[in-house]
Amino acid sequence: MNIHEYQAKEVFARFGIPISPGQVATTPDEARAHAERIGFPVVVKAQVHSGGRGKAGGVKLAHGPQEAYDKARDILALHVKGLPVRQVLVTGAVDIASETYVGILLDRASKRPLIMVSAAGGVDIEETAKTSPEKIVRCAVDPRTGLLPYQARALMQRVQPDAALAARMAQLVEKLYRVWWECDASLCEINPLVVTQAGEVIALDAKMSLDDNALDRHPELEAYRDDRDESAGSVLAREKGLSYVKLDGDIGCIINGAGLAMATLDLVKHYGGEPANFLDIGGSSNPEKMVTALTVITGDANVRAILVNIFGGITRCDDVARGLLQALDRMTIAAPIVIRLTGTNETEARAILAERGLSATTAMDEAVRAVVARAKGVTA
Ligand code: GDP
Ligand code: MN
C-alpha cells in the first residue's frame, strides 16, 4: 500500500525526522488560508500516489495569498500520471543548498534491507540508475544489528564531503531506518533530503510503501489507506481476501495457489498470450470465492477470455464447479471460459459442470493453448 507524502511526513515526524510544517487542502480557498498561517513563501504540492509530480507541474512555489490560491487551483485541476489531484499539501518553502537522494528498500537478492544514497538528489532516481549507476552508493544492513551509527556516517560521507553535515544527515538516515523497520515498510524514500541555506537538514519529500501483509499490525497506518484511484475489482478482491494483481493483457486467470498461478502466467506467455491478471483464490474450499473471482475478472474491460486453472488439494474441484455455476447464475459473462480441473473430487466436478453443458480438461497445457486461441478470437 502506498501512502501520500503528507502522511509519510506525519510518520517521519513521529520518528523525529525534520520536515517543514504543512497542511493539506482540498480547495484553493483552504490552500490560501493554510498558506497565510504558515507564512510565505510556500510550496503547493499535489498529493497523488505517484512520483514525478514536479515535472508534471504538480509542485509550485507561491509568494503571496493570491498566488497560493491560483497555484492550488491549477494543481487541483491536474492529473499526474493519469491520477486526479484531489488534495494538495501546502508547506513552508526552504532555500535549498544541496539535494541528496535517500531510499531504503528490501533487497531480495541479498535478503537484507538496502540503503541507497546519491548526491544526484532531486532528480528521477530510476534515470540516474540507468545513465550513471556509479552515482548511487549502496549499503546493505544486517537485520540482526540494524543500521549502526558508524555505517550511516560512512555512507553519508560518500555523498557529502562536509563531515559535520554528513554526520547530521546520518542521524536522519538512522531515524529513517527505524521508520522502515518499525512500520514494516517495503520502501522509505526521501528525494530530496536537503541541506538548507541556513544549514538545516530536512526531508523535503517523503514516500512510503507499506507491506500489505504486515498492515494488520499497524492500524494507524491502515487508516492512511486512500483507495479512490483503485479499481472496484481490486478493492473487492482485497476485501474478500483474494490476491489480485492487475496486468496488461486480455486473459483473465483464476488459479488456486501462487505457485500454480506463476506457472500458469509463464505458460500463457509461452503460447503467445498475455495475462490480464494474477488472481489466486487460495487454498480453501468455498464456492463464494469463485463468484468473487469472476466478479473481479469480468470487471476488467480488457478481458477477452477466462482461464480457470485448479489443482485440487484442500481446494475441492466440486466446490469450484459449484461456485462457477453460482456465478453464471448471477451474472452474464460474455468472455469464453476455459476450465482445467484436476485433483480432489474432479469426477464430481466434471459431472456438475456437464449438467450445464460445460466441460473441463485435466491438462494444463491444453487449457492454456485453448484460452490463448479464444482470446485471439479463434472459436473452439
Ligand atoms: P516529486 O517531483 O514528486 O519528487 O516532488 P518533490 O517533493 O521532490 O518536489 C520536486 C522538486 O521541487 C524538488 O526536487 C525541489 O527541487 C522542488 N521543491 C520542492 N519543495 C521546495 C522548496 O521548499 N524550496 C525549493 N526551492 N524547491 C522546492
Ligand atoms: Mn521527490
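Throughout, numbering of the chain's residues begins at 1 and tracks the sequence. All values below were derived from every heavy atom in this structure, side-chain atoms included, with hydrogens, water molecules and symmetry-related copies excluded. Ligands are counted one by one from 1 in listed order, and the atoms in each one are counted from 1 as well.
- Under a hydrophobic clustering in which Ile, Leu, Val, Met, Phe, Trp and Tyr are joined whenever their side-chain heavy atoms come within less than 4.5 Å, directly or via other members, L260 and I254 fall into different clusters.
- Side-chain contact check for T264 and N309: at least one donor-acceptor pair (N or O, by modelled atom type) lies under 3.5 Å.
- Just one of V141, L172, L148 meets the side chain to side chain contact (heavy atoms under 4.5 Å, CB included) condition when paired with Y177; it is V141.
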Where does ligand 1 get N/O contacts under 3.5 Å from the protein, atom by atom?
{"residue": "ligand 1", "atom": "2 (O)", "partner": "R53", "partner atom": "N", "Å": "3.3"}
{"residue": "ligand 1", "atom": "2 (O)", "partner": "G54", "partner atom": "N", "Å": "2.7"}
{"residue": "ligand 1", "atom": "3 (O)", "partner": "G52", "partner atom": "N", "Å": "3.4"}
{"residue": "ligand 1", "atom": "3 (O)", "partner": "R53", "partner atom": "N", "Å": "2.9"}
{"residue": "ligand 1", "atom": "3 (O)", "partner": "R53", "partner atom": "NE", "Å": "2.7"}
{"residue": "ligand 1", "atom": "3 (O)", "partner": "R53", "partner atom": "NH2", "Å": "3.4"}
{"residue": "ligand 1", "atom": "4 (O)", "partner": "D205", "partner atom": "OD2", "Å": "3.1"}
{"residue": "ligand 1", "atom": "5 (O)", "partner": "R53", "partner atom": "NH2", "Å": "3.1"}
{"residue": "ligand 1", "atom": "7 (O)", "partner": "K45", "partner atom": "NZ", "Å": "2.5"}
{"residue": "ligand 1", "atom": "7 (O)", "partner": "R53", "partner atom": "NH2", "Å": "3.3"}
{"residue": "ligand 1", "atom": "7 (O)", "partner": "D205", "partner atom": "OD2", "Å": "3.4"}
{"residue": "ligand 1", "atom": "8 (O)", "partner": "N191", "partner atom": "O", "Å": "3.1"}
{"residue": "ligand 1", "atom": "8 (O)", "partner": "D205", "partner atom": "OD2", "Å": "3.1"}
{"residue": "ligand 1", "atom": "14 (O)", "partner": "E99", "partner atom": "OE2", "Å": "3.2"}
{"residue": "ligand 1", "atom": "16 (O)", "partner": "E99", "partner atom": "OE2", "Å": "3.2"}
{"residue": "ligand 1", "atom": "23 (O)", "partner": "V94", "partner atom": "N", "Å": "2.9"}
{"residue": "ligand 1", "atom": "24 (N)", "partner": "V94", "partner atom": "O", "Å": "2.8"}
{"residue": "ligand 1", "atom": "26 (N)", "partner": "V94", "partner atom": "O", "Å": "3.4"}

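- Side-chain contact annotation: D365 with Y271, donor-acceptor N/O pair under 3.5 Å present.
- Minimum-distance N/O/S atom of D205 relative to the Mn ion (ligand 2): OD2.
- In this structure, OG on S20 lies 4.5 Å from CD1 on I202, to the nearest 0.5 angstrom.
- Remark: R178 is not positioned above the aromatic ring of F15, lacking an NZ or CZ atom under 6.0 angstrom from the ring centre and at most 45 degrees off the axis.
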